[in-house]
Amino acid sequence: MAPNFITEIIERDLESGKYPQVVTRFPPEPSGYAHLGHVFASFLDFQTAVQYGGRYHLRMDDTNPELATQEYVDAIADDLRWLGWDWGEHFYYASDNFERYYEYAEQLIRQGDAYVDSVSGDEMAALRGTPDQPGTPSPYRERTPEENLDLFRRMRAGEFGNGEHVLRAKIDLSSPNMKLRDPALYRILHVSHYRAGDWCIYPMYDFQHPLQDALEGVTHSMCSLEFVDNRAIYDWLMERLGFEPRPHQYEFGRRGLEYTITSKRKLRRLIEEGLVSGWDDPRMPTLRAQRRLGVTPEAVRAFAAQIGVNRTNRTVDLAVYENAVRGDLNTRAPRVMAVLEPLKVELTNLTEPQELTLPYWPHDVVALSPDGLLSLPGGERVPADQAVRGVPLTREVYIEQSDFALSPPKGFKRLTQGGMVRLRGAGIIRADEVELDDAGQPVLIRASIQPEEVGAAGVIHWVSAGQSVPAEFRLYDRLFRVPNPEGENPQDASSPLETPEFDPEGMSHEGDAPVSSDFVRFLNPDSLRVLHGFVEPSVLDDPQDTRYQFERQGYFWRDPVDSREEGLVFGRIITLRDSWAKSLPRAEKVSGAGRPAVADANGKKATAQAPAEAKAPDFTPQEQAEMERLRGLGVGEEDAIALARDPQLGEFFAQGGAGAHAAQVAAWVVNDLSGVLRSGTNRLSAADLPALAELLAQGSISSRIAKDVLARSAQSGEAPAAAVEREGLKVMSDAGELRRIVDEVLAAHPAEAEAFRGGKRALQGFFMGQVMKATGGQADAGAVGSLLKEVAGG
RNA sequence: AGGGAUAUGGUGUAAUUGGCAACACAGCAGAUUUUGGUUCUGUUAUUCAGGGUUCGAGUCCUUGUAUCCCUGCCA
């Protein structure tokens, strides 16, 4: 996990001793299968704990009895274990603590912090008000604790029907944060829970989640950005219930993946409509599907590790995932050959069948091996010369249809009529005769093996026609044609035939169904191609879960569900990168593997806007008058605006009585002191500012010195001018002295100094900073600047 | 509209907290290659906009703009 704002917080907390160790948790709701979207969140939770020597919990957030099932619990835990996580005994269920939550709810009621409300759902929503309309108290808001307790107990006892009452926190009905307008804590739901049995009241997320964090001893509770507003409830609860030490919630931005959807509802729809074969259809983004596809846990984790963390929702380039998958497979998958779309070649001068011995690994993977050993498909590590398999070469072989062209495009490095090409490991052949079918397509090539000396531009793969194994090949491609299938994709042009009529007014008369926003129409019609071809016989001896690179085709493995000994089914995990296909015009592409031109996805980013003229801010007449008064004093325009609009700053400035130094004092107040003034941590007296300004005006201190002193005085309360006096601060402008320091600094950074002398002017700032550091900020910047220019220039 | 959050190359993140705008992926060019793969080398391109403070601003101040979240008895 690369450093991020959360690790920063953790390091601070660990250092200050706030917590003895980090405890995190990943809290999925068991109402669906884990998918690539969860990978990032779980990785952040788990890996962060690992990194700081803490522990991590897996927790099932199963407070909604209508959604949670044991099947999902098992599946999620299984997938996460597959990813390599081990939470030991720290596997929790929210439902294990229903009894304890209940006790805390009673405590809140007794404290007067919660009440039973008895209005309908609709009414409650109406009473909550709107963002600019404060809520109105429900008629039941002032029930006594006794009354509430009685009602709440009877709720639990099952005396009421669904929705008749709710328990609500009593917080603030007029809060601008809607979450704080007396959120519901418990609802009545006569549904039995898959684990907890016959409860009829269920805790809401906002009540349950913080409590569960606290009960587990979680320290840093990470969740996604949409819960920012909920943090107020979290903190309120922790405070009211007196948890100490207590967990804190931190929010991070979600990470989506291009060409992928993660909405449970939409994924379910794909299955229900038969658009994919199930939750483990290899095209699905679920972990089950990626497992079946053949992606390894190491690759998934490498992917997760590469994604950064911050507080913005972002969509990650699919290439990052593909890169992780390929990088993992390159050194994991032995090379063998398979022909997916066969074209028969007769080797007319091959008299006897041969058994070739070909290496599993290309030269570069061999070179990469640290111990010189290489894996056999079974996993055994052997010396390079033993990492081989037998491959039969017979008079009839198959090559790939796309590896022969009657009229080759420019740059074609494969077989052509009369041309030469190397059959991997079997020598060079020349196509002497081509037999065509009625449609003019080649059906048989008669070729002859040529001596090595003739040379060949390219190498193609092949299998023996008589001694290879028939197999089905499933070629998967991305499920969607567009990078953001859940967005609007206004520039969806990759399917010209289906492009709807452009309707600038957005008033299409046939717009009854929201078809345009329907993600299904972005499905890639070629996301699955099934081919029947042949694979070399060596694979029959290998373990079922061997991942191969079929040379020049991609990475494959046996479909763990559908492949049989007598009916091999290989699924393509991922293609090889193909810079040849990329360079070809669209029509000539061999397969649909090319990537559609990037249609800029919907609103992930502010689409560059015309230089919208900055609207003039609105000022009240009072502000206007105050600004003019300040301007009259000599205060700069920007500073005047700030002082006039922020009463805290304005007032502080006024106390200063700056007189002739008004402009300088105003600048300090606005630019350097606004932070401490607003946070209320300032100890500096405004009346002390003019004296400092006077020193600056006289030239005895620099503005850098003034700034530094100001910062210190804001903390200590000492008059800045007095601090200058006491610390003996003054501008250091003695040329000889400065030159000595500059030389020292240059000597201390020889590499940079050389680059600087060589003309890298950007280093000016670097050296200036070094000089300032060396002199405690007292060097005369102007003088140092000219010294440095001399160095760079001469 | 009220509140909240965010903004750095095409994409995802860094930047010693005011001092060389960097890393990875993608792109482009070249080298190596019995995989149009891999690897290696080089290279293009970035601080949302305007203003201010400063010797120096991605970072501080200010005014805007854009995007996302919040008005479930879901999580």
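Every heavy atom of this structure was used, including side-chain atoms; hydrogens, water molecules and symmetry mates were not. Lettering of chains follows the sequences in order, A, B, ..., and the numbering in each one begins at 1.
- Side-chain to base pairing of A/R422 with B/U34: one donor and one acceptor N or O lie within less than 3.5 Å of each other.
- Comparing B/G36, B/G37, B/U71 by their nearest atom to the side chain of A/D578 picks out B/G36.
- Rounded to whole Å, atom C1' of B/C61 lies 12 Å from atom CG of A/L677.
- Contact of A/N310 with B/G12 (side chain to base): no donor-acceptor pair of N or O atoms is detected under 3.5 Å.
- Going from the C1' atom of B/A21 to that of B/C40 covers 26 Å, rounded to whole Å.
- Phosphate contact (OP1/OP2 of B/C60, side-chain N/O of A/R678, threshold under 4.0 Å): absent.
- Regarding contacts with the backbone of B/G37, every side-chain N or O of A/R552 stays at 4.0 angstrom or more from both OP1 and OP2.
- Between A/R577 and B/U38 there is a side-chain N or O to OP1 or OP2 distance below 4.0 Å.
- At B/G36, none of the side-chain N or O atoms of A/R424 fall inside 4.0 Å of OP1 or OP2 (strictly under the cut-off).
- Which of B/G4, B/G52, B/U71 sits closest to the side chain of A/M178 comes down to B/U71.
- With P as the reference atom, B/U67 and B/U62 are 24 Å apart, rounded to whole Å.
- In this structure, the CD atom of A/E226 is 9 Å from the C1' atom of B/A75, given to the nearest Å.
- A/G699 and A/V731 make their closest contact through O-CG2, 3.8 Å (heavy atoms, listed as atom of the first residue, atom of the second, distance).
- A donor N or O paired with an acceptor N or O is not found under 3.5 Å between the base of B/G27 and the side-chain atoms of A/K582.
- Side-chain N/O atoms of A/N323 include one lying less than 4.0 angstrom from OP1 or OP2 on B/A26.
- As a whole-Å value, the separation of A/L630 CG from B/U62 P is 15 Å.
- Contact annotation: A/R645 side-chain N/O to B/U63 OP1/OP2 distance is under 4.0 Å.
- Nucleotides B/G50 and B/A1, compared at atom C1', are 26 Å apart to the nearest Å.
- Checking the phosphate oxygens (OP1, OP2) of B/G37, no side-chain nitrogen or oxygen of A/R326 falls inside 4.0 Å.
- Considering only side-chain atoms of A/R414, the nucleotide from B/A75, B/G36, B/A7 that sits closest is B/G36.
- Applying the 3.5 Å distance criterion, the base of B/U35 shares a donor-acceptor pair with the side chain of A/R335.
- Comparing the C1' positions of B/G9 and B/A15 gives an interatomic distance of 15 Å, to the nearest angstrom.
- Using the six-membered ring where Trp is involved, A/F26 and A/H38 have ring planes that are perpendicular, over 60° apart on the 30 and 60° scheme.
- A gap of 24 Å separates the C1' atoms of B/C48 and B/G27, to the nearest Å.
- A/R335 and A/H461 are not linked by any side-chain donor-acceptor pair at a separation below 3.5 angstrom, with hydrogens and angles left out of the test.
- Remark: the A/N484 side chain and the A/Y259 side chain contain no N/O donor-acceptor pair separated by less than 3.5 Å.
- The base of B/G72 does not come close enough to the side chain of A/R168 for any donor and acceptor atom to sit less than 3.5 Å apart.
- Comparing the C1' positions of B/G36 and B/A75 gives an interatomic distance of 49 Å, to the nearest angstrom.
- B/A49 and B/U44 have their C1' atoms separated by 25 Å, given to the nearest Å.
- Taking a pair as Watson-Crick or G-U with both hydrogen-bonding distances under 3.5 Å, the stems of three or more pairs touching RNA chain B are B:2-7 with B:65-70, B:10-13 with B:22-25, B:27-31 with B:39-43, B:48-52 with B:60-64.
- Following rounding to the nearest Å, A/L710 (CG) and B/G18 (P) show an atom-to-atom distance of 15 Å.
- As a whole-Å value, the separation of A/Q778 CD from B/U54 P is 19 Å.
- Between A/S579 and B/G37 there is a side-chain N or O to OP1 or OP2 distance below 4.0 Å.
- Phosphate contact (OP1/OP2 of B/U53, side-chain N/O of A/S703, threshold under 4.0 Å): absent.
- Comparing B/C23 with B/U46, their C1' atoms sit 13 Å apart, to the nearest whole Å.
- Comparing A/D229 and A/E752 along RNA chain B, the residue whose closest nucleotide (by nearest heavy atom) sits nearer the 5' end is A/D229.
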